[in-house]
K.L.:
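Please read through the structure below; I'll follow up with questions.
The shown structure was predicted, so the numbers you read here are calculated from the model rather than taken from an experiment.
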Amino acid sequence: MDRHPLQPQARLATRTSDLIGQTPLMELLTTRFGTRVLLKLEQFNPTGTAKIRMARQMLDEAEAQGRLQPGGWVIESTSGNTGMGLALLAAERGYRFTAVVDHHASKDKLRAMQAFGAELLYVNEHPGDGLATADREALAERIAAEQGAYWTEQHNNPANANGYRAVAHELEQALGTGITHLIGAVGTGGSLFGTARELRQRLPGVRVIGVEPVGSIAFGGPGAPYYQSGTGTPEGAEIGELVDYGLLDEGLKVSDAQAFNTARYIARTRALLLGGSAGGVLYQALKRAEVAPPHSTIVVLVCDGGEKYLDTVFNDDWMNERGLIDPAVGEELDALIEQLTAGMGASALHTPRAARGDAVRTMRRTAAQEVHP
């Protein structure tokens, strides 16, 4: 007897990497002016991040160019998300993978890389929050030169940006010509500018907005330490070749407090876990919705989810120790959403006003614990 025969058109994935792409779009907000804020939720990729798209493309192009042979050795400097993608793909394809890391990276990202069989090589000897991008890259480059590993060099590898062409195609397929704004975090520059370059070929009028942490130097201003992970260019590091100022209409900055408290606010009002830097992009996207022309469609590239930040962004103790809990951010967002949806009846965030108020009150109580533990 034939048990549950597959339909002829059914397509089964045979490798985890077959599941990359076709991530969902979620409508977060519609304003009284007809402007929509849509989230491209890249945490639905394997490893929970957009960066597996470019990790696959970097390996594909290296193999096609003969720079990576079967059984070869791959090395990369990473704050975690690129490393997870490379670790997964290395496990699939039979490569050795070494991730050069610092203690700034999320512990869950480091554990995930090890789960896929990656070797971790730390540049700073003692645990701490220090971001050591320049040191990581120098070590990866030296090992590649001296020991014959293939350094993917994500900050300057054109394959990084090429890996995001599919994002533009997915957006166009879903939204047609209606996209007016594309906004995303800028670290290597691959996700935002790789998507924007492809999208601009079909939608030349789309406005491209980059977001980096306060303290990052890609958009100018003084360098300073920051806690946002996987985004920005810290002082002392070189701005990557993929940061394409010719495609950039605006470069905005966001503080750690704005980014992280936005992520926490969205978790409590929309039941959606966003990564810390994604919280910063969303903060600026909501501010943009306030001034955008009526009937705009703002697409936010959400490059990873919040599950990897439960020990940091969503940990009250970690946030309080660094003085990052700021109820004013939630209050600002509450007021902004009320203004954007005034007269529309039920909240366009699909969250009752009382629930959003509860979220802000919770943030106030958490902040108070720092003063009165």
Side-chain angles (χ1 to χ4, degrees), residues 13-21 42 45-101 105 109-110 112-121 123 133-169 187-195 197-198 230 237-244 303-304:
T14 58
R15 300 179 302 175
T16 303
S17 61
D18 291 339
L19 304 173
I20 296 171
E42 288 291 284
N45 281 306
T47 70
T49 170
K51 290 194 172 183
I52 195 169
R53 293 183 186 260
M54 63 91 149
R56 178 175 62 179
Q57 189 71 23
M58 290 193 298
L59 295 188
D60 285 350
E61 293 192 20
E63 291 167 354
Q65 295 161 5
R67 303 176 69 187
L68 187 56
Q69 303 297 326
W73 179 11
V74 177
I75 191 167
E76 180 56 282
S77 157
T78 176
S79 60
N81 281 338
T82 301
M84 286 194 298
L86 288 170
L88 183 153
L89 293 159
E92 274 192 351
R93 302 184 186 191
Y95 295 127
R96 173 186 176 187
F97 174 57
T98 299
V100 182
V101 299
K109 294 179 185 179
L110 300 175
M113 285 188 276
Q114 288 178 309
F116 290 123
E119 304 163 328
L120 302 185
L121 186 59
V123 293
T133 304
D135 292 340
R136 291 197 324 248
E137 292 180 356
L139 181 56
E141 182 177 21
R142 179 168 61 81
I143 291 174
E146 293 177 358
Q147 301 185 43
Y150 172 63
W151 178 30
T152 46
E153 197 180 357
Q154 59 175 313
H155 282 83
N156 298 311
N157 190 335
N160 176 343
N162 293 342
Y164 295 101
R165 290 175 176 169
V167 178
H169 299 161
T188 67
S191 61
L192 179 62
F193 297 114
T195 304
R197 183 174 297 107
E198 192 74 7
E238 292 186 10
I239 299 170
E241 295 177 6
L242 304 178
V243 178
D244 190 339
C303 283
D304 73 337

K.L.:
If you round to the nearest 0.5 Å, how far is CD of Gln57 from CG of Leu89?
P.N.:
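Those atoms lie 11.0 Å apart.
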K.L.:
Just by modelled atom types, is the Leu120 backbone N or O under 3.5 Å from a matching donor or acceptor in the Gln114 side chain?
P.N.:
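Side chain of Gln114 to backbone of Leu120: no pair is present.
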K.L.:
So, taking the atom named CD1 in Ile75 and the one named CZ in Arg136, what distance separates them when rounded to the nearest 0.5 Å?
P.N.:
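With rounding to 0.5 Å, CD1 (Ile75) is 12.0 Å from CZ (Arg136).
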K.L.:
Determine, step by step, whether Lys109 and Asp304 satisfy the side-chain contact (heavy atoms from CB on, under 4.5 Å) criterion, reporting the C-alpha distance in whole Å, the side-chain angles of both residues, the deciding distance to 0.1 Å, and the verdict.
P.N.:
CA-CA 12 Å; Lys109 294 179 185 179; Asp304 73 337; 4.3 Å; yes
K.L.:
Tell me, please, which residues at least two apart from Thr47 pass side-chain contact (heavy atoms from CB on, under 4.5 Å).
P.N.:
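So Thr47 forms a side-chain contact (heavy atoms from CB on, under 4.5 Å) with Thr49, Ile52, Met84, Leu88, Phe116.
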K.L.:
For Asn45 and Glu42, indicate whether the former's side chain and the latter's backbone hold a donor-acceptor pair under 3.5 Å.
P.N.:
yes
K.L.:
Would you please say whether a donor-acceptor pair under 3.5 Å links the side chains of Glu198 and His169?
P.N.:
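Judged by distance alone, the side chains do pair up.
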K.L.:
In the structure I gave you, are the side-chain heavy atoms of Val100 and Asp135 within less than 4.5 Å of one another anywhere?
P.N.:
no
K.L.:
Please examine the side chains of Glu63 and Arg93, heavy atoms only from C-beta on, and report whether any two atoms are closer than 4.5 Å.
P.N.:
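They are in contact (side-chain heavy atoms under 4.5 Å apart), so the answer is yes.
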K.L.:
Are side-chain heavy atoms of Ser191 and Val167 found at a separation under 4.5 Å?
P.N.:
no
K.L.:
Do the side chains of Thr82 and Met58 get nearer than 4.5 Å, heavy atoms only?
P.N.:
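Result yes, sub-4.5 Å side-chain heavy-atom pair found.
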K.L.:
Taking Asn156 for the side chain and Glu241 for the main chain, is one N or O donor matched with an acceptor at less than 3.5 Å?
P.N.:
yes
K.L.:
Could you pull out the closest heavy-atom pair between Glu92 and Thr16, with the gap in Å?
P.N.:
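Heavy atoms of Glu92 and Thr16 come nearest at OE2-N, 2.9 Å.
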K.L.:
Considering non-hydrogen atoms only, spot the tightest contact between Leu242 and Phe193 and give its length.
P.N.:
O-CD1, 3.4 Å
K.L.:
If the threshold is 4.0 Å, N to carboxylate O, is there a salt bridge linking Asp18 and Arg56?
P.N.:
no
K.L.:
Could you report the tightest heavy-atom contact between Arg53 and Tyr164, atom names first, then the distance?
P.N.:
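Where Arg53 meets Tyr164 most closely, the heavy atoms are CD-CD2, 4.1 Å.
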K.L.:
What distance separates Glu153 CD from Glu137 CD, expressed to the nearest 0.5 Å?
P.N.:
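Separation between the atoms: 7.5 Å.
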K.L.:
Give, for atom CZ of Arg15 and atom CD1 of Ile20, the distance between the pair rounded to the nearest 0.5 Å.
P.N.:
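Reported value, rounded in 0.5 Å steps: 8.5 Å.
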K.L.:
Report the distance from atom CD of Gln65 to atom CG of Asp60, rounding to the nearest 0.5 Å.
P.N.:
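Rounded to the nearest 0.5 Å, the CD-CG separation comes to 10.5 Å.
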K.L.:
List the atom of Ala87, the atom of Ala118, and the distance in Å for their closest heavy-atom pair.
P.N.:
CB-CB, 4.0 Å
K.L.:
My understanding is that only residues two or more places apart in sequence, or in another chain, count here; which of them pass salt bridge (Lys or Arg N to Asp or Glu O under 4.0 Å) with Glu119?
P.N.:
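Arg96.
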K.L.:
For Arg197 and Ala161, which heavy atoms make the closest approach, and how far apart are they?
P.N.:
NH1-CB, 4.2 Å
K.L.:
For Met113 and Val101, what are the C-alpha separation, side-chain angles and deciding distance, and is it a side-chain contact (heavy atoms from CB on, under 4.5 Å)?
P.N.:
CA-CA 11 Å; Met113 285 188 276; Val101 299; 4.1 Å; yes
K.L.:
Which side-chain N or O atoms in residues 138-151 pair as donor and acceptor under 3.5 Å with protein atoms at least two apart or in another chain?
P.N.:
residue: Trp151; atom: NE1; partner: Glu76; partner atom: OE1; Å: 3.2

K.L.:
If only side-chain N and O atoms count, and only distance matters, is there a donor-acceptor pair under 3.5 Å linking Gln154 with Thr188?
P.N.:
no
K.L.:
List the steps and the verdict of side-chain contact (heavy atoms from CB on, under 4.5 Å) for Tyr95 and Gln69.
P.N.:
CA-CA 9 Å; Tyr95 295 127; Gln69 303 297 326; over 6 Å; no
K.L.:
Any idea which heavy atoms bring Ala90 and Phe97 closest together, and the distance?
P.N.:
CB-CB, 3.8 Å
